Amino acid sequence: MIEQIHTYREAEAYISAIPKFSGKNSMEYTKLFLQHLGNPGQNSKIIHIAGTNGKGSVCAYLCSVFREAGISAGMFISPHLVTMRERFVIEGQMISEEEFLEAFQIVADHINELPMELKQVSYHPSFFEFLFFMAMVLFERRDVEYIVLETGLGGRLDATNAAEKKVMCILTSIGYDHMEYLGDTLPQIAGEKAGILRPETPVVYPVKQKEVECKIEECAKTVGAETFPVGKDAIKEIRIQHKTIDFSFHLHYYGYIRFTVSTSAVYQIENAAVAIRALELLSDRRLTVPVMQSGIRKAFWEGRMEEVMPSVYLDGAHNIDGIQAFLETVKTHSCKGKRKLLYSVVKDKQYQKVIDTLAASGLFDVIGVVALMDARALPLAALEEYFRQYAGFECRTYEALDTALEELIFSRGDEDKVYIVGSLYLVGEVKALLRRPRHD
C-alpha cells in the first residue's frame, strides 16, 4: 500500500526511491497495469520514438511544429535535467507541481487496488513505468490530440511499448549504448529498437549504416510496417551560421524546401529532417510548409549544444557517436582564444573510447575533469588517470563542480570558448548551479 502523499516533493521522493524496492517488470504486467488504469491516451494519436541518439531532439521538433499549427500535443521524454516535471510537456509547457501530484495520486490509487493477476505477483511499477503511467494519465486528462512518446532504454521491452495503437514510429540514429541489455552489434541493437514497430504503421529513420538499414527493413517487413528512410540526398545546401543552420530538405510534393534550425549543432540537421519527414507523412492539412518551417526554427532542446552564456556550450553527448557528432560541431566554431573542455561520465558508459576520441581530437587547449554527484559516477581518479596518458593539452582536475565552473567559465578570457560535455547528469548539475545566484 502506498500511504497518502500530500505534496509534490513527497511524490517526487517516492518515485526516486522506487529502484530500491522494485525492478523492471515484464511487458505482460506493464500492459495489464495500463489496462487497469483504463488505457489512458488510447484516443490520442501516438508517435513513438526509439533510437540511440537524437530521440529527444526529434520529439522537440515535432512538438514545436504541432504548437505552431495550433495542435495540442503531449510529450513524454527522459531523462530530466533538473526537475522530474521536465519529463511531461503539454502544449510546450512543463506540467505544474499540482498536475504532477494529481497524476501521481491516480497511479498510486490504482497500485493500492490491483487486479488479482497483478496482486498475485506483488506488482509495483518500476521507476520508469510509474512515470510513463503518469504521462498517459496526464495526456488523457488534458485531452491532447497527439502524444509523442520517447522510449527510455531499447524499444521492444520498453514500458512505452505497452502503447499498442500508434500512428507513426520513428527510429533515430543507432549506435553503441546499453550493450549489456541491447546486444553487442549494431544490427542487434537496431533490432531491439525496432521492437516498437506495428503493422501498417509508417516508420521513419535516417540512412547512415547499411547493416542498420538492412535490419530495420527486415523488422519492418516482418511486422508489415512501411518504411520511409531519410537519405543524405534528401538534404543539401547546408549553410552554417553563428547560431543557426540553414539547409534544404526534399518534401515529396514540393521538392526541396529551405529550413532553419536555431542551433550551431550540425547533428540537428538530421534530427530535424527526420521530424519533417514524419510530419509530412501525417498528411494533416494544418501542417503546411510555412508552419513546419516556423516550428522547426522555433524549436529548442536543452543540453544539446546549448549556449548557456556567450561562448559557453553544454552538450549531453555521452556515447561515442554522440561525442563524434559533438566534435564535428566544435570544428565549425572559430576560436581566437583557447578552447576549454569540462567532462564527466558515469562508469557504465563506453568512456574509454570517448576519452580517447576527445583527447586525440586536438581541439582543446585545456581539458578539465570532475566527478558527478551520483552513485554511478566514474571516480575522479580514474578520469584523471585516463586523460593524463595524453599530451597536447593541459589536464585539470576539480573536486567540485562549482570550482570547475568558476575557473573555466567565470574566469575565462574574452575570446575563449568553453564546452561542457558528457553525461546528462553533468548537464543537469551544471544547469542547476547556473540557475543559483553566485553568492549562494
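The model shown is predicted, which means the values in this text are computed figures rather than measured ones. All residue numbers in this chain count up from 1 along the given sequence.
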Requested in this report: Could you pull out all residues at least two apart from C219 that satisfy side-chain contact (heavy atoms from CB on, under 4.5 Å)?
Outcome: A194, L197, K215
Any side-chain donor-acceptor pair under 3.5 Å between [X] and [Y]?
X    : Y    : value
K165 : N39  : no
T263 : Q268 : no
H333 : S264 : yes
D356 : Y390 : yes
E129 : T30  : yes
E217 : Y205 : yes
S173 : N53  : no
H48  : T160 : yes

Requested in this report: Can you tell me which residue pairs pass the salt bridge (charged side-chain N to carboxylate O under 4.0 Å, His left out) test with a partner in residues 62-84, sequence neighbours excluded?
Outcome: E68-K298
Query raised in the report: Can you list the residues that meet the ring pair (Phe, Tyr, Trp, His ring centres under 6.0 Å) rule with Y343, with sequence neighbours excluded?
Result: F387
Query raised in the report: Who are the ring pair (Phe, Tyr, Trp, His ring centres under 6.0 Å) partners of F127, not counting sequence neighbours?
Result: none
Query - L434 and K431, any side-chain heavy atoms less than 4.5 Å apart - result: no
Report task. State, with a plain yes or no, whether a side-chain heavy atom of Y176 is found less than 4.5 Å away from one of L186. Result -> yes
Report summary line: Looking only at heavy atoms, the pair that brings M168 and T201 closest together is N-CG2, 3.6 Å
Query raised in the report: Residues two or more places apart in sequence or in another chain: which of them pass salt bridge (charged side-chain N to carboxylate O under 4.0 Å, His left out) with R85?
Result: none
Query raised in the report: salt bridge (charged side-chain N to carboxylate O under 4.0 Å, His left out) with E237: which residues, sequence neighbours excluded?
Result: R258
Requested in this report: Before accepting this row, confirm whether a basic side-chain N of the pair K340/D365 lies closer than 4.0 Å to the acidic partner's carboxylate O.
Outcome: no
Query raised in the report: If you measure from the Lys or Arg side-chain nitrogens to the Asp or Glu carboxylate oxygens, is any gap between E99 and R142 under 4.0 Å?
Result: yes
Report task. Return yes when atom CD of E200 has more than 12 non-hydrogen atoms of other residues, nucleotides or ligands closer than 6.0 Å, and no otherwise. Result -> no
Does the gap between the ring centers of [X] and [Y] come in under 6.0 Å?
X    : Y    : value
Y351 : H318 : no
Y146 : F66  : yes
F104 : Y14  : yes
F33  : F133 : yes

Query raised in the report: Taking the six-membered ring of F247, is NZ or CZ of K236 closer than 6.0 Å to its centre and within 45° of its axis?
Result: no
Query - Name of the residue among I409, V308, V370, L401 meeting side chain to side chain contact (heavy atoms under 4.5 Å, CB included) with I420 - result: I409
